[in-house]
Amino acid sequence: MPELPEVETIRRQLDPLLRGQVIVGSWAFGSAKFTDARFAVGAHLAGVRRRGKYLLIDLEADAPMELIVHLGMTGRLELADGSSSPASSHLRARWDLDDGTALVFDDVRRFGRIAVVGRGQHTSLPTLDALGPEPFDDAFTPELLRSRINASSRVVKTQLLSQRVVAGVGNIYADEALWRSHVHPGARRLTRRQAADLRDAIRSVLAAGIANGGTTLRNYRDAEGGSGRNQRYLDCYGRSGEPCIRCGDTLRRIVLDARSTTYCPTCQRR
DNA sequence: CGATTTCCCTGGCCGC
DNA sequence: TGCGGCCAGGGAAATC
């Protein structure tokens with residue numbers, strides 16, 4: 001379940017390793033979600049960027065292009081050098097690089113996606129195309145958060161997961177940010193104070209996630225095959241039935257949009 | 001057009 | 001030990 005901190009961790013690891021290399025060959029699993037991988041062959045890798053949970057690898061070829069990778073639920077990107085090849089029991093794509101290494105994409109459940117598009121041409125990926133601001137961007141203000149949340153009748157957690165209000169928040173960090181800011185996941189309107197607290201909480205839980213190398217609960221591994229450490233510091237997600245560390249009440253699990261949601265019924269009132 | 005629902009996937013876990 | 005059933009859930013397509 002890679003969210004922004006996990007994708008950013010991978011981006012930071014891959015960028016210096018991929019920059020300057022040339023893709024000399026490729027292989028892709030026979031599914032439309034991955035077959036675009038072969039269109040990157042022949043391109044020069046100019047750098048690895050990130051938008052929300054999407055990795056954007058800049059390609060220089062006849063025209064500027066982007067190799068877009070979304071890790072879905074169980075996607076893993078690793079660099080294989082001849083000596084140590086990463087676990088790839090569910091290989092979905094491989095890009096052979098001119099120094100003899102290979103970028104390998106493994107994805108057990110095939111919720112991931114690969115696309116090669118013209119630079120900045122994102123209309124074929126609707127979620128990316130309509131992505132909200134980066135959480136650390138100046139544009140992500142409490143006023144913007146409040147106006148977008150209050151403009152829709154959907155509950156706040158659903159809107160956070162939609163990626164349209166802010167980019168990169170998934171189920172884990174949504175529960176953490178809502179808990180930290182005392183906002184009920186089922187709230188439909190935010191006060192100015194709540195919006196300010198939630199904006200700050202989103203930033204702080206994501207920053208902690210990045211600083212801790214991401215959250216590994218099941219499948220997530222970084223680009224070196226390592227586990228994250230942030231799972232040791234989760235206050236709310238996955239802790240239903242346990243006491244809230246802030247007030248002592250028992251954390252409760254509900255289902256919103258078919259996604260499990262943990263919150264504190266005392267700290268997070270509607 | 002926005003909101004809501006369904007579907008895609010398979011390893012791990014639970015109960016019998 | 002074996003096996004059916006269920007759960008995890010991001011994003012896109014289908015439907016309301």
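Note that the coordinates shown come from a computational prediction; the quantities given were computed from them, not determined experimentally. Lettering of chains follows the sequences in order, A, B, ..., and the numbering in each one begins at 1.
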**Report entry** C/dG9 base / A/Arg109 side chain donor-acceptor hit below 3.5 Å
**Finding:** yes
**Report entry** Donor-acceptor contact below 3.5 Å, side chain A/Arg50 vs main chain A/Gly52
**Finding:**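 A pair under 3.5 Å: yes.
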Query - Test item: A/Gln163 side-chain N/O and A/Thr127 main-chain N/O as donor-acceptor pair under 3.5 Å - result: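 Pair absent, no side-chain N/O of A/Gln163 close to backbone of A/Thr127.
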Requested in this report: Tell me what A/Tyr237 touches on the nucleic acid: a base, only sugar-phosphate, or nothing, going by heavy atoms under 4.0 Å.
Outcome: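 It contacts sugar-phosphate atoms only.
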Query raised in the report: Base, sugar-phosphate, or nothing for A/Arg188, non-hydrogen atoms under 4.0 angstrom?
Result: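 The residue A/Arg188 makes no contact with any strand.
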Query raised in the report: How many angstroms lie between atom CG of A/Leu190 and atom OG of A/Ser181, to the nearest 0.5 angstrom?
Result: 8.5 Å
Query raised in the report: Start at the 5' end of DNA chain B and walk down; is the nucleotide closest to A/Ser152 or to A/Ala258 reached first?
Result: A/Ser152
Requested in this report: In plain terms, say whether A/Asp235 and A/Arg239 are close enough for a salt bridge, that is, a side-chain N and a carboxylate O under 4.0 Å apart.
Outcome: no
Query raised in the report: With the 4.5 Å side-chain cut-off for hydrophobic clustering, are A/Val169 and A/Leu234 part of the same group?
Result: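 Both belong to a single hydrophobic cluster.
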Query raised in the report: Are A/Arg109 and A/Phe111 in a cation-pi setup, meaning NZ or CZ lies under 6.0 angstrom from the ring centre and within 45 degrees of the ring axis?
Result: yes
Requested in this report: Would you mind reading off the distance between A/Phe105 atom CZ and B/dC9 atom P, rounded to a whole angstrom?
Outcome: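 These atoms are roughly 13 Å apart.
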Query raised in the report: With the sugar-phosphate defined as primed atoms, P, OP1 and OP2, and the base as all remaining atoms, what B/S/- string results for nucleotides 11-16 of chain C, 5' to 3', for protein heavy atoms under 4.0 Å?
Result: BS----
